[in-house]
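Counting starts at 1 for both ligands and their atoms, following the listed order.
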Amino acid sequence: LGPTLCIGEIIVEIVATTTGDGFRHPQPLLGPFPSGAPAIFISQCGRLGGQSAMIGAVGADDFGALNLARLQSDGVDVSAVALDPEWPTGSAFVRYRADGSREFVFNINHSAATRFGWSEPVARLVARAGHLHVMGSALSMPPAREVIVRAAAMIKERGGTLSLDPNLRKELSGGPEIAELFQCLVGLCDLLLPSGAELFPAAGLDAPDTTEAQAIAHLLQRGVTEIVLKRGPNGASLFTPDSVIRAAPFQVDEVDPTGAGDCFGAAYVTCRRLGMGAEAALTYACAAGARNVTAVGPMEGAGTLAELDDFIRTTARRI
Ligand code: ATP
């Protein structure tokens, strides 16, 4: 089958412990946690026992070492993660507001995450990958973007598969050329994993004039074969050309929502690639997302297959 591949930012995340005026005053912080949407995704794939590999870069510093150790302990192939001798590992600070919304401060622009490129180890990995998962956040960084575009074309040409998580972050949004590239990738992808209102830009349609059903129909018509719509605490829905499956959410106490979508996507992709049916994969995906929000840190609640089995057996679902 070849490994599942993810390309993009590997950073650390630091979490504010107060709500309110954010980082304008000293306060206790939590972290550093290994992070970066592509890194969270691939770590969860590896932790579930799927063959997985990462392309990106970290600095030759403690934050880089922390991330490499996590990826390796989750069984991820890091042969194509470069060690940047000069630029540091990037970071993101996240704070939660009293209304539950959140804000990120990214220190990525002059970090290792923004300057890795095509190399021998990257070429070797892409040559044997069976699936590429693209995170929208990585498209805002030109070097990652170039590697993604080249890898996507090669993997699809060989008969491999592609999934796409829009993962739109206003702090990492790009210009019109990114929107165009994004639409090209939607046209290439087999599986699309938007979260809530991301469905509409993913379909290239305006939300106020379009219903969810119209956006889904448009995407299916464009050739996406599976669309999994993430609905946060309300669970998720799967749309294929012949079926709609709604998955009820697991009932958990959410302490940190960041990373839920990445763990959810990783579980769905990994379970499908391990040969599971769509409905079973959707259950594992909902469990992975729900379990992950119960711990502080973007991937501290990511589970193994056995841990997800246990979670599914012992956690009630809200019908
Ligand atoms: P992020 O960008 O923070 O990684 P996302 O917006 O892509 O997340 P969400 O919709 O927040 O993704 O979460 C993914 C999935 O995880 C949901 O579809 C749901 O199944 C599960 N999930 C998330 N939050 C909760 C919650 N509070 N309770 C139960 N399940 C949850």
Side-chain angles (χ1 to χ4, degrees), residues 6 8-9 11 13 15 33-45 48 92 94-97 99-104 106 133-140 163-173 191-202 212 226-239 245-271 278-303 308 311-312 314-319:
C6 204
E9 66 277 16
I11 59 176
E13 184 171 307
V15 183
F33 296 108
S35 189
I40 299 169
F41 174 92
I42 209 68
S43 251
Q44 173 71 92
C45 289
L48 289 171
V94 60
R95 73 165 173 118
Y96 296 97
R97 300 193 194 89
D99 66 3
S101 62
R102 70 198 146 155
E103 182 185 327
F104 291 92
F106 285 103
H133 180 75
V134 178
M135 280 289 179
S137 56
L139 298 176
S140 63
S163 51
L164 173 62
D165 182 338
N167 194 36
L168 302 175
R169 293 267 183 270
K170 66 179 186 321
E171 298 85 350
L172 293 179
S173 59
L191 165 66
L192 183 69
L193 296 139
S195 179
E198 285 178 351
L199 172 67
F200 300 100
E212 184 180 296
E226 293 182 20
I227 301 157
V228 185
L229 183 59
K230 296 173 273 177
R231 302 184 193 271
N234 295 318
S237 305
L238 167 69
F239 303 88
I245 302 171
R246 187 166 181 280
F250 287 92
Q251 282 183 316
V252 289
D253 289 328
E254 178 183 294
V255 299
D256 184 353
T258 302
D262 312 325
C263 290
F264 176 102
Y268 189 80
V269 167
T270 303
C271 289
E279 193 162 3
L282 189 61
T283 300
Y284 277 103
C286 286
R291 189 178 191 277
N292 196 53
V293 305
T294 63
V296 177
M299 59 168 131
E300 301 310 303
L308 292 189
F311 179 89
I312 291 167
T314 55
T315 313
R317 293 180 91 166
R318 184 157 50 80
I319 308 298

**Glu279 atom CD, neighbour heavy-atom count above 12 within 6.0 Å** =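 For Glu279, atom CD is not crowded (no more than 12 foreign heavy atoms under 6.0 Å).
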Search all heavy atoms of [X] against all heavy atoms of [Y] and return the closest pair with its distance.
X: Ala236; Y: Leu282; answer: CB-CD1, 4.3 Å
X: Gly301; Y: Asn292; answer: N-OD1, 3.0 Å
X: Pro257; Y: Val293; answer: CA-CG1, 3.8 Å

**Request:** Would you tell me which option among Ala37, Gly261, Gly100 has the nearest heavy-atom contact to atom 4 (O) of ligand 1?
**Result:** Gly261
**Closest candidate by heavy atom, reference atom 11 (O) of ligand 1, pool Ala288, Gly232, Gly196** = Gly232
**Request:** Could you see which bit of Arg231 sits under 4.0 Å from ligand 1, with heavy atoms only: side chain, backbone, both or neither?
**Result:** backbone
Could you tell me whether the side chain of [Y] reaches within less than 4.5 Å of the side chain of [X], counting heavy atoms only?
X: Glu9; Y: Phe106; result: no
X: Tyr96; Y: Thr258; result: yes
X: Ser35; Y: Met299; result: no
X: Pro249; Y: Pro233; result: no

May I ask you to check if ligand 1 and [X] share an N or O to N or O distance below 3.5 Å?
X: Thr258; result: no
X: Gly259; result: yes
X: Pro249; result: no

Mark up the atoms of ligand 1 that fall under 4.0 Å of a heavy atom belonging to [X], in ascending order.
X: Glu254; answer: 24 (N), 26 (C), 27 (N)
X: Gly235; answer: 17 (C), 18 (O), 19 (C), 20 (O)
X: Val252; answer: 28 (N), 29 (C)
X: Cys286; answer: 20 (O)
X: Phe250; answer: 28 (N), 29 (C)
X: Val293; answer: 24 (N)
X: Ser195; answer: 5 (P), 6 (O), 7 (O), 10 (O), 12 (O)
X: Pro257; answer: 3 (O)

**Item:** Qualifying residue, where the test is side chain to side chain contact (heavy atoms under 4.5 Å, CB included) with Cys6 and the options are Val269, Asp165, Ile42, Asp262
**Value:**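 Exactly one option meets the side chain to side chain contact (heavy atoms under 4.5 Å, CB included) with Cys6, and it is Ile42.
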**Prompt:** Can you find a non-hydrogen atom of Arg102 under 4.0 Å from ligand 1?
**Reply:**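 Contact check Arg102 vs ligand 1: positive.
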**Request:** Start with the C-alpha distance between Arg317 and Thr283, add both sets of side-chain angles, then the distance that settles side chain to side chain contact (heavy atoms under 4.5 Å, CB included), and finish with yes or no.
**Result:** CA-CA 11 Å; Arg317 293 180 91 166; Thr283 300; 3.7 Å; yes
